[in-house]
Amino acid sequence: MSDEKHFTRRRFLQFTGLGLTAGAAGAPAVATAQVKDTVGGTPPAIAKLLREALLPQPKGARVVVVGGGWSGLTIAKYLKRYNPAFDVLLIDKQPAFVSFPLSNSWLADQIHLDFLSHSFFDAADNHKYHFLQATVLGVDRTSRKVYTDVGYIAYEYMVLAPGIDYDYGRIGVDDPEQQELLFQHYPGGFVSTSELLTIKHKIQSFKGGTFLLNVPSGDYRCTAAPYERACMVAALFKKRRVRAKILLLDMNTGIKIKKDGFHRAFDELYKDYIEYLPSSEISGVDLDGKAITTEFDEYPFDDAIIYPPIRASRLIEEAGIVNPRSPQMAANTDPFRYHVVGDEHVYVTGDSRGQPFSKGGHTAHSEGKYVAEVIAAHALGKEVAWRSPQTMCFSSVEIDPLQAMSIITYYKFNKQTNVFDFDRTHMIEDWDIQGGQASLAWAEGMFRDMFYR
Amino acid sequence: MLIPQLGNQSEPKISATLLKCVLSGRGQQTWVYGAVWSKGFRRAHLPVSLLEELIQSIVGDVFEGRIRIRSPGEAPLQLIKMMPRYFKSLCGLLLAVAGSTSFATEPVKVVLEFEPDPANGRYLFEICARCHLPEAWGDNEGNYPQLAGQHTNVLMQQLLDIRSGRRDNPTMWPFVQERTIGGYQNLVDVVSYVATLPMNPHHSQGPWPQGTEEYKEGMQLYQTNCSSCHGAGGEGDNASYYPRLQGQHFSYMKRQAIRVRDGLREVDPAMAAVIKALSDEETDKVLNYISYLPVPAKDLAPSADWRNPDFE
């Protein structure tokens with residue numbers, strides 16, 4: 001294994017230390033793992049990591065896609081479509097896929113979990129690529145290898161679509177142990193499936209009192225979701241006549257999207273349930289006393305869903321490709337072609353991307369189709385014209401039957417200011433049954449595209 | 001799943017006893033089909049699932065549906081028409097009724113007729129407008145076609161093809177299923193609503209305007225390969241199900257052409273043969289020419305800033 005020669009012990013140690021943190025991606029930065037230099041050589045468990053992963057011999061140029069979310073699944077499928085000669089390998093650390101989009105409708109019993117749950121095997125089988133359940137530990141772009149907990153994999157192209165991690169430091173929780181406790185007791189529900197299941201159980205078993213939700217600051221995942229979630233939780237409490245007050249602490253100065261619609265929903269449908277408090281800059285969480293502190297106030301709660309601000313996945317940092325100017329540690333990529341600056345064999349897509357596009361499933365899906373085309377063209381020495389991703393976002397506000405609002409938007413690059421602006425936005429802020437129906441059909445269509453034929 | 005009921009629910013269903021018989025299996029087939037033949041098909045106001053089940057059990061699993069929209073003032077069609085193998089299919093039907101399956105794989109073309117209700121279509125278009133937008137003008141990226149101005153038969157055929165899976169469009173597929181959009185009547189209504197919309201006066205065009213060499217080559221290619229069906233001006237033909245091409249986005253046509261070329265979209269064999277015979281450069285040129293075909297002013301919205309007042 002020639003690789004081991006280049007891989008100095010010093011680098012290996014750095015790499016493993018980072019790797020263990022990455023293994024807990026999604027969770028807060030649990031106490032940095034201490035890897036001690038063992039006497040008498042590398043322990044067998046770690047030596048395993050330095051072997052080549054046992055995979056079928058690639059039949060074409062191998063493209064490794066890291067992360068089986070909306071972005072990675074779409075890219076894996078369309079890479080095979082645009083260049084059937086590619087040998088595409090999708091890696092995800094989760095055993096199965098559960099959709100975050102539409103999960104708020106599931107919280108309010110409008111759909112079953114089956115609707116949101118899909119198998120990576122089906123996706124790989126139907127679209128002729130490979131799936132590997134593994135955790136990516138690190139990347140060596142010089143030798144074009146990606147290191148996982150089952151060994152390394154050589155790639156011709158690599159797409160990093162690892163999503164996001166929480167940034168608890170930005171709500172004043174810096175201690176790793178406190179972060180861990182906060183994550184487990186009051187998960188935000190935007191990174192892992194267990195968070196969603198915990199939240200569902202919380203809502204379904206809530207007996208009454210104050211139920212606290214928050215909207216994070218910054219460029220967080222799924223702009224409308226925290227407001228939608230407040231509506232869905234309120235709808236369920238209302239239906240079951242739970243004597244509850246939903247406290248919605250918004251770290252922003254006002255509702256960030258579908259403003260009139262959400263205000264109207266809060267006022268008309270859930271006046272007795274939702275108390276909306278804008279400009280609530282959260283500065284700390286008291287886990288023992290069950291209270292959230294802001295600059296001016298303290299809010300005690302009986303139960304809570306705490307959605308901290310987010311950052312790009314730690315994997316981006318570990319791969320050494322963070323844009324130093326990005327406040328959320330996003331990747332340093334070409335804004336039109338998505339490759340890492342200076343490396344046209346590594347691409348970053350989805351919610352770790354460098355561009356400020358809305359972080360959500362549909363954006364990742366439409367972007368993914370384009371990026372797959374870019375990579376397929378690159379392999380042939382060609383280029384494809386840039387096209388805007390599209391953001392489609394449904395927000396459910398009423399249940400039985402499900403009723404939703406929607407927004408669709410594109411982006412255009414402003415050459416004067418050098419930033420992307422919204423383009424051709426169309427919003428329907430009057431919720432209705434057609435909207436609810438469309439949201440279900442939309443999600444089904446997306447799942448069909450990513451998993452089935 | 002709690003799926004809300006949508007749209008015009010007033011489609012008269014055939015009587016409860018008849019429905020029960022149809023669904024109860026083969027024992028009473030003869031009687032049931034006879035009854036449906038003389039009654040239910042007359043206005044074809046059957047729920048789609050029942051209709052498809054019926055036709056499938058008559059002719060096996062091959063069903064080619066075609067929906068015809070009656071123009072205002074036009075005389076109604078007579079009952080059901082079997083086309084084009086009317087006689088053979090009818091024999092097949094009778095044999096199937098008698099218990100034989102020898103004609104089970106013979107495709108039967110069924111023409112059903114509906115009276116459109118654009119007001120119901122407007123209601124239903126709320127679903128479509130989430131992506132297609134209230135103007136149904138499509139986008140420059142080629143994700144969505146310009147639907148406004150397209151022939152109703154063409155739109156209907158696409159809806160049916162996507163519904164049946166013949167045209168592979170996974171993201172659109174759930175939207176055209178009965179549980180989302182409703183039965184055939186609703187499809188007819190929504191198509192008839194789209195037909196009332198004016199077209200986008202600034203659709204996306206190819207890179208070579210009039211006067212360029214590529215434009216001229218595209219024109220020649222068009223006249224040789226395309227105009228006999230799609231018309232000299234790209235106007236298409238509703239009766240023959242030939243799509244109108246004028247006003248369609250260049251980006252959309254290009255994506256579709258590539259899909260047809262790569263065997264990912266099944267179209268009329270003659271159409272597929274033309275696309276496969278053209279080189280990539282020739283395809284670009286001919287689509288470029290098409291994108292510059294003028295659209296009659298009467299079909300256009302007054303400006304690109306026009307917004308559908310029904311959605312204000």
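Residue numbers begin at 1 in each chain, while the letters A, B, ... track the order of the sequences.
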Can you tell which part of B/Asn169 gets under 4.5 Å to a heavy atom of chain A, answering side chain, backbone, both or neither? neither

Region of B/Cys131 that comes under 4.5 Å of a non-hydrogen atom in chain A: both

Quick check: are there more than 12 heavy atoms from other residues, nucleotides or ligands sitting under 6.0 Å from CD of A/Glu268? yes

Any side-chain heavy atom of B/Tyr123 sitting closer than 4.5 Å to one from A/Gln434? yes

Side chain, backbone, both or neither: which part of B/Tyr144 has a heavy atom under 4.5 Å from chain A? side chain

How about B/Leu264 and A/Arg81: do any of their side-chain heavy atoms sit closer than 4.5 Å? yes

Which atoms of A/Tyr370 come close to chain B, meaning under 4.5 Å heavy atom to heavy atom: side chain ones, backbone ones, both, or neither? neither

Flag if over 12 foreign heavy atoms under 6.0 Å of CZ, A/Phe121: no

Toward chain A, the part of B/Asn143 with a non-hydrogen atom under 4.5 Å: side chain

Sidechain-backbone polar pair: B/Glu141 side chain, A/Pro389 backbone, donor-acceptor under 3.5 Å: no

CH2 of A/Trp442 to OG1 of B/Thr180: how many Å apart, nearest 0.5 Å? 14.0 Å

Which atom names give the shortest non-hydrogen contact between A/Gly445 and B/Pro174, and what distance separates them? N-CG, 3.2 Å

Mark yes or no for whether B/Glu126, through its side chain, and A/Gly435, through its backbone, hold a donor-acceptor pair below 3.5 Å. no

Nearest 0.5 angstrom please: B/Arg179 CZ to A/Glu444 CD, how far? 4.0 Å

Side chain from CB out, backbone as N, CA, C, O: work out which of these in B/Arg307 comes under 4.5 Å of a heavy atom of chain A, or both, or neither. neither

Considering only heavy atoms, which portion of A/Asp114 lies under 4.5 Å from any heavy atom of chain B: side chain, backbone, both, or neither? neither

Report which part of A/Gln403 has an atom under 4.5 Å of a heavy atom belonging to chain B: side chain, backbone, both, or neither. neither

Roughly how far, to the nearest 0.5 Å, is CG of B/Asp139 from CD1 of A/Ile408? 8.0 Å

Between A/Arg448 and B/Thr171, is any pair of side-chain heavy atoms under 4.5 Å apart? no

Does any backbone or side-chain atom of B/Ile258 lie under 4.5 Å from a heavy atom of chain A? Answer side chain, backbone, both or neither. neither

Side chain, backbone, both or neither: which part of A/Tyr410 has a non-hydrogen atom closer than 4.5 Å to chain B? side chain

Rounded distance [0.5 Å steps], CD in A/Gln437 versus CD1 in B/Ile181: 9.0 Å

Any idea which heavy atoms bring B/Arg130 and A/Ala404 closest together, and the distance? NH1-O, 3.9 Å

Would you say NZ of B/Lys254 has more than 12 non-hydrogen atoms from neighbouring residues, nucleotides or ligands within 6.0 angstrom? no

